Amino acid sequence: MKEETIVKCTDCASRDLLHDNKRGEIVCNDCGLVLEENIIDQGAEWSVFAPEDENRARAGAPVNLMLHDKGLSTDIDWQNRDFSGKAISPSTRSQLHRMRKWQARARSSNSRERNLQNAMQEMNTMGGRLELPRSIQSEAALIYRRALEANIIRGRSIPGVAAACLYIACELAGVPRPIADVSHKLRMGKKELGRTIRQVKLKLRIRTAPKEASQFIGQFCSKLDLKPEIENAAKEMFAKIKELELDSGRGPTGLAAALIYIAALKGGQRRTQRDIADISGVTEVTIRNRYKELANALEINMEELM
DNA sequence: AAGACGAAAGTGGTTGA
DNA sequence: TCAACAACTTTCGTCTT
């Protein structure tokens with residue numbers, strides 16, 4: 001096997017890659033795609049001088065947050081055999097039976113545990129649909145645990161809250177997704193999802209930095225199959241807009257969509273407003289309104305581009 | 001016929017009294 | 001708690017390519 005260093009995202013071709021050695025992953029900073037998993041951690045070995053949890057990363061299997069009990073439990077085998085495979089006497093047998101029963105109860109007796117089991121599984125498949133890296137899924141799992149403990153699941157559906165947690169985890173990781181995109185891929189209402197996201201953030205006091213159009217330009221361009229030059233042009237234009245403070249109060253996805261519309265026209269790779277609207281989660285009307293404003297501010301003559 | 005245009009009315013969230 | 005407000009959507013008839 002030859003050593004190969006990854007320099008570019010296979011999805012959006014971005015070179016902005018994040019090497020997360022603790023988690024053993026290489027993640028694209030633009031689109032959040034996991035390019036490499038299970039890389040061997042080159043960090044320090046177990047040290048008795050620093051016994052904190054974070055530094056225990058290489059002692060034993062990693063604690064997996066996606067399992068409802070963090071993967072720490074021991075199963076009692078169903079077979080009535082001892083370790084050497086011999087049959088066990090009837091007296092210890094009934095004792096084992098009681099132990100199994102007890103364990104089953106302890107693990108998922110209360111509704112909270114069952115809820116967690118359910119949710120973790122749900123988030124796993126959802127994370128797959130959204131192609132999220134494990135690091136983000138783990139973060140989302142953590143948020144869900146907190147949400148459960150804070151009693152905000154009551155009156156809401158498990159998939160609803162799970163989706164909200166995944167969305168928030170993306171935000172926290174600096175690779176936000178448009179709500180429209182998430183709601184579409186997970187087949188749930190945009191309104192409801194948005195509401196749940198807001199409430200979870202409010203109750204758990206999670207604050208996220210305001211999103212910027214630049215965070216969406218990479219994602220959108222790759223979905224539209226646009227040349228890297230166009231992506232760069234759009235990002236440059238955004239920098240100017242930001243300087244002029246014309247980005248305030250505007251939705252970042254709409255802004256990104258409009259910038260890409262202009263950049264694509266200028267770069268000779270025209271895309272219809274409809275196409276851009278579909279992937280960005282804003283309407284054609286918003287793209288129109290925005291790009292008229294922007295062309296005006298940047299003194300771009302759109303007529304001669306048509 | 002497809003794409004772009006823009007007016008008008010409606011929606012849901014934020015803000016400030 | 002309520003009303004005003006800005007951003008965005010929906011809808012739809014019209015113009016342009």
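Sequence lines set the chain letters: A, B, ... in the order given, protein chains first and strands last, and positions in each chain run from 1. Everything quoted here is computed from the prediction, not taken from an experiment. Just the heavy atoms: all of them, side chains too, but no hydrogens, waters or symmetry mates, feed the values below.
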ask   = Can any side-chain N or O of A/Gln269 pair as donor or acceptor with the backbone N or O of A/Lys227 at less than 3.5 Å?
value = yes
*asked:* Taking A/Lys185's backbone N and O only, do any of them form a donor-acceptor pair with A/Arg129's side chain (distance below 3.5 Å, no angle check)?
replied: yes
- Message: Between A/Lys235 and A/Glu231 (salt bridge meaning N to carboxylate O under 4.0 Å), is one present in this structure?
- Response: yes
message: Less than 4.0 angstrom from a charged side-chain N to a carboxylate O is my criterion; do A/Glu149 and A/Arg146 meet it?
response: no
In short, A/Leu204 meets A/Ala150 closest at the heavy-atom pair CD2-CB, 3.9 Å
Separation of C/dC8 atom P from A/Asn289 atom CG, nearest Å, is 9 Å
When rounded to whole Å, the NZ to C1' distance for the pair A/Lys191 and C/dT10 reads 10 Å
Here the residues of residues 242-258 of chain A within 4.0 Å heavy-atom distance, strictly under, of DNA chain C are A/Gly249, A/Arg250, A/Gly251
In Watson-Crick or G-U wobble terms, with both distances under 3.5 Å, the base opposite B/dA8 is C/dT10
Side-chain N or O of A/Arg290 versus OP1/OP2 of C/dA7: is the shortest distance under 4.0 Å? no
More than 12 heavy atoms of other residues, nucleotides or ligands under 6.0 Å from NZ of A/Lys223: is that the case?
yes
Less than 3.5 Å apart, any donor N or O on the side chain of A/Asn115 or A/Tyr144 sitting next to an acceptor on the other? yes
Protein-nucleotides 3-7 of chain B N/O pairs under 3.5 Å:
| from | atom 1 | to | atom 2 | distance (Å) |
| --- | --- | --- | --- | --- |
| B/dA4 | OP2 | A/Gln273 | N | 2.9 |
| B/dC5 | OP1 | A/Tyr291 | OH | 2.6 |
| B/dC5 | OP2 | A/Gln273 | NE2 | 2.5 |
| B/dC5 | OP2 | A/Tyr291 | OH | 3.4 |
| B/dG6 | N7 | A/Arg288 | NE | 3.3 |
| B/dG6 | N7 | A/Arg288 | NH2 | 3.0 |
| B/dG6 | O6 | A/Arg288 | NH2 | 3.0 |

The side-chain contact (heavy atoms from CB on, under 4.5 Å) partner of A/Cys221 among A/Ile260, A/Asn232, A/Ile279 is A/Ile260
